[in-house]
Amino acid sequence: MTPTEVVDRLLPARLQARASSEQFAPSNIALCKYWGKRERSLNLPVNASLSVSLDHLGSHTRLTPIDAKQDEIRFNGRPLPLHAAFSQRVTAFIDLFRRQQPLYFRVETRNTIPTAAGLASSASGFAALTLALNDALGLELEPRLLSVLARLGSGSACRSLFDGFVEWRMGRRADGLDSHAVALEARWPGLCVGLVKVDTAQKAVDSRAGMQRTLETAHLYQSWPLQAAADLEKLHRAIAQQDFALLGQTAEQNALSMHATMIASWPPLLYWQPQSVAMMQTVWALRGQGVPLYFTMDAGPNLKLLFERPQRDAVLRHFPELEIVEPFATG
Ligand code: PMV
């Protein structure tokens with residue numbers, strides 16, 4: 001099944017651009033990672049994943065209908081040529097909605113997070129774009145279906161439709177209509193996510209290509225679905241019992257297991273830089289001194305630290321540049 005066939009099942013045949021719309025979606029950090037697709041064109045995952053959304057850090061996307069024969073793309077205040085990789089992904093996603101109808105937009109995206117440095121900006125970008133299309137085209141789709149659509153842009157985007165803890169249920173259907181995220185009710189006041197910026201440059205191999213290479217070439221990948229299923233179960237338990245050590249340990253081990261599969265692929269995929277390793281060692285040293293501090297990492301060199309509010313000062317002493325987000329501070 002193609003993405004267009006899936007969209008045909010969800011949207012009316014004729015669409016009209018009603019108004020301009022600006023929408024926000026948060027970035028999200030997976031505590032149990034999505035790594036590997038069972039179906040590539042629909043971004044259907046091999047495993048379920050669980051994330052926490054980053055509150056105010058994410059993407060603002062404004063869509064304005066224009067009387068033109070192609071879209072106009074602006075990113076962080078600058079016009080982007082349509083042949084740029086980012087523009088191509090955005091226009092291909094909008095193509096799914098317009099399906100040959102002459103509906104073109106000025107798309108202005110502003111990120112409050114560094115792009116393509118393992119900080120999941122494609123997730124918030126496609127989630128905000130999905131919300132803006134839903135609004136500008138008057139679709140009034142329910143969140144579950146918006147999550148299905150956002151997934152077609154980027155897998156992890158299906159989780160950025162929601163705040164707080166979010167689970168992406170992997171689903172079993174060939175059309176992927178059961179593969180979408182759901183928000184968990186549980187909250188965790190005092191939970192902190194610290195962003196350590198080792199390098200915010202564009203990475204050479206994006207997660208899309210990275211996960212495919214791993215799946216095709218790493219024998220170690222065979223153990224990944226089992227690891228992910230066990231970790232998901234532990235994370236649910238940690239969240240229900242507000243057991244921080246279980247949460248941190250599970251997230252860190254899950255991230256390192258994912259990186260182990262990357263390193264075991266060919267050509268090898270190592271996103272770490274010397275500074276990433278030095279920071280891991282700082283985290284482990286602090287933990288040795290009794291500070292409950294853990295990290296997770298995505299397909300990039302940056303660490304995301306996990307700790308609770310009482311540890312804020314101790315953590316800041318060792319990571320003075322840290323940008324701290326409290327996902328449950330508001331609302
Ligand atoms: O949605 P993508 O294709 O950018 O993949 C995201 C993959 C990871 O960030 C490494 C893990 C995750 O679950 O977010």
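Whatever order the structure lists them in is the order used to number ligands and atoms, beginning at 1. Here the structure is a predicted model, which means the values were calculated and not measured.
Short contacts between ligand 1 and S156, defined as distances under 4.0 Å to a heavy atom of the residue, involve ligand atoms 1 (O), 2 (P), 4 (O), 6 (C), 14 (O). Set against the non-hydrogen atoms of G155, the atoms of ligand 1 under 4.0 Å away are 1 (O). If you number the atoms of ligand 1 from 1 as listed, the ones under 4.0 Å from a heavy atom of A30 come out as 12 (C), 13 (O), 14 (O). Residue-ligand proximity, A299 to ligand 1, at heavy-atom distances under 4.0 Å covers atoms 10 (C).
Taking the six-membered ring where the residue is Trp, W284 and F295 present tilted rings, their angle falling between 30° and 60°. Relative ring orientation between F165 and F328 is described as tilted, the plane-to-plane angle lying within the 30° to 60° band. Between F126 and F93, the ring planes are perpendicular. Angles over 60° get that label, and only those under 30° would be called parallel.
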*Stepwise salt bridge (Lys or Arg N to Asp or Glu O under 4.0 Å) check, K197 with E321*: CA-CA 8 Å; K197 292 166 195 163; E321 315 264 279; over 6 Å; no
*asked:* Does R99 form a salt bridge (Lys or Arg N to Asp or Glu O under 4.0 Å) with D8? I'd like the steps, not just the answer.
replied: CA-CA 9 Å; R99 292 161 294 160; D8 279 342; 3.0 Å; yes
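If you look at R159 next to ligand 1, the close heavy atoms, those under 4.0 Å, all belong to the side chain. Under 4.0 Å from ligand 1, the heavy atoms of S207 that appear belong solely to its side chain.
At least one heavy atom of S122 sits under 4.0 Å from some atom of ligand 1. Put simply, no part of A123 is less than 4.0 Å from ligand 1, judged by heavy atoms.
Looking at F126, W168, Y34, Y271 and measuring to atom 7 (C) of ligand 1, the nearest heavy atom belongs to Y34.
For the pair P301 and M297, the tightest heavy-atom approach, listed with the atom from each and the gap, is O-CE, 3.6 Å. Looking at every heavy atom in both residues, L103 comes nearest to D71 through O-OD1, 4.4 Å.
For ligand 1, the polar-atom distance check against S154 finds a nitrogen or oxygen pair separated by under 3.5 Å. Where the criterion is an N or O separation shorter than 3.5 Å, residue side chain and backbone included, W35 fails it with respect to ligand 1.
Put simply, the residue from L149, N134, T109, V107 that forms a side chain to side chain contact (heavy atoms under 4.5 Å, CB included) with L129 is V107.
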